[in-house]
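Here is the structure we will look at.
Atom set for the values below is all heavy atoms of this structure, side chains included, hydrogens, waters and symmetry mates excluded. Each chain gets a letter, A, B and so on, in the order the sequences are listed, and its residues count up from 1.
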Amino acid sequence: MIDCNYICILHLKVEEDFATHHQDGRNLDQQCEDRTVLRYVYYYLARNLSDTGSQGLNPGGGIPTPNWDALADIDAVGGVTRADVVPRIVDRLTSESLNDDVEFHARRLQALKALTYAPSSSSDILSKLYEIVFTILDKVADAPQKRKKGVFGAKGGDKEYIIRSNLQYAALSALRRLPLDPGNPALLHRAVQGVSFADPVAVRHSLEIISELATIDAYAVAMSLGKLAETGGALQDVLHLHDVLARVALARLCHAISRARALDERPDIKSRFNSLLYQLLLDPSERVCFEAIFCVLGKSDNAERTEERAAGWYRLTREILKLPEAPLIKGPNPESKDAVPPKATKEKTRRPQPLIKLVMRRLESSFRSFSRPVLHAAARVVQEMGRSRAAAFAVGLQDIDEGVHVNAFSENNDSLDPDPNENPLADGNRKVSSIANGAGGRDTIASLLASLMEVVRTTIACECVYVRAMVIKALIWMQSPDESLDELKSIIASELSDPAWPATLLNDILLTLHARFKATPDMAVTLLEIARIFATKVPGKIDADVLQLLWKVWFLGENANYAASEYAWESATPPGTALMMLDADKMVAAAGSRNPTLAGALTRLQRCAFSGSWEVRIIAAQALTTMAIRSGEPYRLQIYEFLHALEQGGVQSQFSDMHISNGEDQGASGTGLGALISPMIKVLDEMYSAQDELIKETRNHDNAKKEWTDEELKKLYETHERLLDLVSLFCYVPRAKYLPLGPTSSKLIDIYRTRHNITASTGMSDPAVATGISDLIYETAKVTPAEPDDLDDDLVNAWAANLGDDGLWGSNAPAMNRVNEFLAGAGTDAPDVEENMISRPSMSYDDMWAKTLLETAEVEEDEVRSSGSSSPDSIGSVETSISSHFGGMNYPSLFSSKPSQPTVCNLIHRHFTPCLYKYSLGIREEPPPYSSPALQRFESFENPLAGPGSRSSESQDEERTSLGNPQSGTALYDFTAGGDDELNLTSGEDVEIEYEVDGWLYVKKKRPGRDGKMAGLVPVLYVSQS
Amino acid sequence: MLLAVLIANSEGNILVERFNGVPAEERLHWRSFLVKLGAENLKGVKNEELLVACHKSVYIVYTVLGDVSVYVVGKDEYDELALAEAIFVITSAVKDVCGKPPTERLFLDKYGKICLCLDEIVWKGLLENTDRDRIKRLVRLKPPTEF
């Protein structure tokens, strides 16, 4: 460790001084003429004052300070405690820092400095400090400043002037260490004066103070700065100030002022600061240039706003740096030790330059640096660019045509004198008129980005793993949804083979994937694939909780219903066919059939709600509620029971059967979710009690053979709407279709609606639903996440984040396969939750379900009946009822195949792939505006049925339903039959469509094909229906 | 905020540390994290070649100078580049005091001076003086600008 002897000697020496100091302070200056020793004394006093818990000898070294309290106990220095020492030191230093004596000048500065170490918790000392600082500034700040540019810190000048400058420095440095006091008008005044001070460090501190104040009150700051910001003003001088951090503070200040809403009616001021900010992009220091880029991009330390980010990308790609008359680079910049001066010469930089070009050029040269911090920082800048770009795409800035020539902007806008403060969101459709410009640049934003990304990719060869991690994050953010991810995937895959990667870094990248996913939901599938690479390549290093949290629990909860094609509202169809669907048998069939995907998802989520970290538990509970709301019976009931038990904490006893079958102890209570779950349970309670009420009413009406009166219907309808509102707070449901009161309510509600001319779609005005699935499912365009602020119900608070998440739901359609893969045990298995999910739930679920039915036998008669058919023997009848009533619904049955793992996976796959097509079928029943984008969307996705292997020979079991009269159609693509009942197609061939089932068309050819077959099944998307 | 400056010898024993705004209970973690980082990466690194690491939004820049290794940790405006600036000031101050890249012995010989320099460079978690001459003057209890 440290050389203790030396420390002891030093300690004694200093302590001797200190003792003298204490006994007779006045003697201090006489006895300790040795400046060096005195300097130690100030150091020592400062350490004594500082309240960092580092009193006494500590392993961290430094000159040790006595632990006064301990010493007092043993009466080593006369029984002085720390409480005695501190005030004495403060008094002494206070009087020294107010000593005007020129001879005392240097010590005065040190005394003031030492004083700032006094604990800021003491308001007495604080106010004393403010007083001292402002007293000094009152004396020295108001004198006219005569800064000599370029000779800061050099010797010379008259004595009085230098003393004043030193005091200015000391006072501002001390002020910077004090807590910011925005209420004090003198603070802003003095800080603004400080910008013109001669001492560069003083200028830095004043700029830092001002930039902090500007985030609080930009208007006042801008007004006080006034002339300083003009051309030739003090702020312009800072551009050439030899102090990197001062220029960084300037960038922040400019950013705060040029984006301030409070200055909206002063565009002149804003543009002045904006132009200063853009000039900082040319700064020789990377630190300053990158800070300026961050500012342009709209990155801020607090509250990230998508709009601000999007506007940032717009600024970067559209705006021009126009230099003021004064030459920008003047005089040597001595501190460019690793800085790369901008390549442009004076002549060149005078020409207006598009920001994007400047930035790209700068970044490319930074990536050629050998300094790792520079590489790391440059990659970080690219990452931030990616974030802003993603935000711009997310908010749908209409003008982001990256194929436009960059110089086109410069030449157009040059003459227009662009107003940098315009809100690009407001006039995002501003057209760039002349895109074709002959002589100028050939550069497009896309080409600039491409060449930058090329350089970024080569940086992956850096030997520093942290730089590589940052590069990967940058690549993830810069990836466009429409580009191939293969390169990124292969980069990541090869990186992960390197054992040097620390686990924290990998988890960090996973979180980046998640953030990217949230920013661009379209990329769900590909990002998920990347996450899977992590889980398969480095399972040991990935925090199981992180993975589960991000990619399984949340994802599963959101998509399970889709994957399982199990929706509470599926039985309700558009008016017209509704009557047919009201058949009670259908409910029985739905309840009685087994849906292994959903059951598997349920079991897993239930397990997650028990085990894992609190984040996982919370998300699991939320996911379960989502599923409870979206699923029909008996799943809802099952989840309800589970949540109820979870809330009570008595899970062990309630689900003892399940526990036995799982063979493991899942802990009894104490999940800590009670408070969170109760609102969910309340909603489900309301739904169930309303359903009970409805059943009772229906029975009464039936018995009495009475019609429903308008009053009763109104009440029913209001309940329906209220429940819809409640449910919408938790997750998205299609309002027009969702029946919180059960399918029997549909008829009555329809009656009421028809009578009172209420269209079912009025619910679309509901903010939660307006952005909800009903829209999203059918939309290919940009998904706008819900604004959680739109809802002000108490419940929303807990769920606000989720509403935003739910907005992504609709875009995850192709992710369905992933859900199946998860459930089938592929890929992302985190160690402790993943077990053979498929085989187990079929057993435990049965037990559990039977149990829940027994316990709540009175809830729904329909279900009691259905429980009778849940034994394997009666499956046949259930299947029949499905086939006769359910048409395309295709409920897969676990019992139709052996429960061995591969077969089950296969089965699930086979059963769920058609769901996609069922969706496209359903979509076509919707109003026209939605249908075509939906189809396009499906075409753009990887087509799971494209290969012949995706359909097995078991397909003859499938039910077929005719949709109506034969239609004619034309084959769009070649199709190779994958089974006996499928038909080979050649593109262009004319066919007659007999009927449609589950995304398949049964078609007849005009003449037999080469294989001699005339008719068979082909995927819907392979045939254009005329 | 410049969260920490830490100087350790080649065996990973800490010679000097300054924490700012790091709770006492977290310091131990930082110490061991930094020392481990150095042990894993600083072998064969040239004097003053800068290495970088980050942990969430906290940045770390470290290097080796003679027998000692220097680590600086920062966040917010003290990102990797600002830290590179800070570590450059620190290493040049140490070199100035010691006259060359120090051996551990030399470093301890000049221990007091180095502490004073550090005191002038980092003041309550903020980088203060970066100019070499200015630091020299302040350490000798002279005003920053001489008259």
Under 4.5 Å from a heavy atom of chain A, the part of [X] involved:
| X | value |
| --- | --- |
| B:L127 | both |
| B:L6 | neither |
| B:Y59 | side chain |
| B:L37 | side chain |
| B:V139 | backbone |

Chain B contact via A:H105 - which portion, at a heavy-atom distance below 4.5 Å: side chain
A:F290, part contacting chain B, at a heavy-atom distance under 4.5 Å: side chain
When only pairs under 4.5 Å are counted, which of [options] shares the most heavy-atom pairs with chain A?
| options | value |
| --- | --- |
| B:V22, B:N129, B:T130 | B:N129 |
| B:R140, B:E120, B:E49 | B:E120 |
| B:L51, B:L83, B:L141, B:V52 | B:L141 |

Which of A:A377, A:A106, A:A469, A:P373 touches chain B most, by non-hydrogen pairs under 4.5 Å: A:P373
Partners passing salt bridge (Lys or Arg N to Asp or Glu O under 4.0 Å) against A:E463 (at least two apart in sequence or in another chain): A:R372
Which residues share a salt bridge (Lys or Arg N to Asp or Glu O under 4.0 Å) with B:D131, sequence neighbours left out: none
Do you see a donor-acceptor pair shorter than 3.5 Å between the side chains of [X] and [Y]?
| X | Y | value |
| --- | --- | --- |
| A:H205 | B:E128 | yes |
| A:R177 | A:Y117 | no |
| B:N41 | B:Y62 | yes |
| A:Y466 | B:E80 | no |

Donor-acceptor pair, side chain of B:S69 and main chain of B:L65, under 3.5 angstrom: no
Polar side-chain atom of A:R380 near backbone of B:D79 as donor-acceptor pair, under 3.5 Å: no
Residues B:D119, A:K113; criterion salt bridge (charged side-chain N to carboxylate O under 4.0 Å, His left out); working and verdict: CA-CA 10 Å; B:D119 186 48; A:K113 173 174 177 174; 3.7 Å; yes
Proximal to chain A - members of residues 90-99 of chain B, heavy-atom separation under 4.5 Å: none
Any pair counted as salt bridge (charged side-chain N to carboxylate O under 4.0 Å, His left out), so long as it reaches residues 35-45 of chain B, sequence neighbours left out: B:K36-B:E40
Charged tip of A:R39 within 45° of A:Y44 ring normal and under 6.0 Å: no
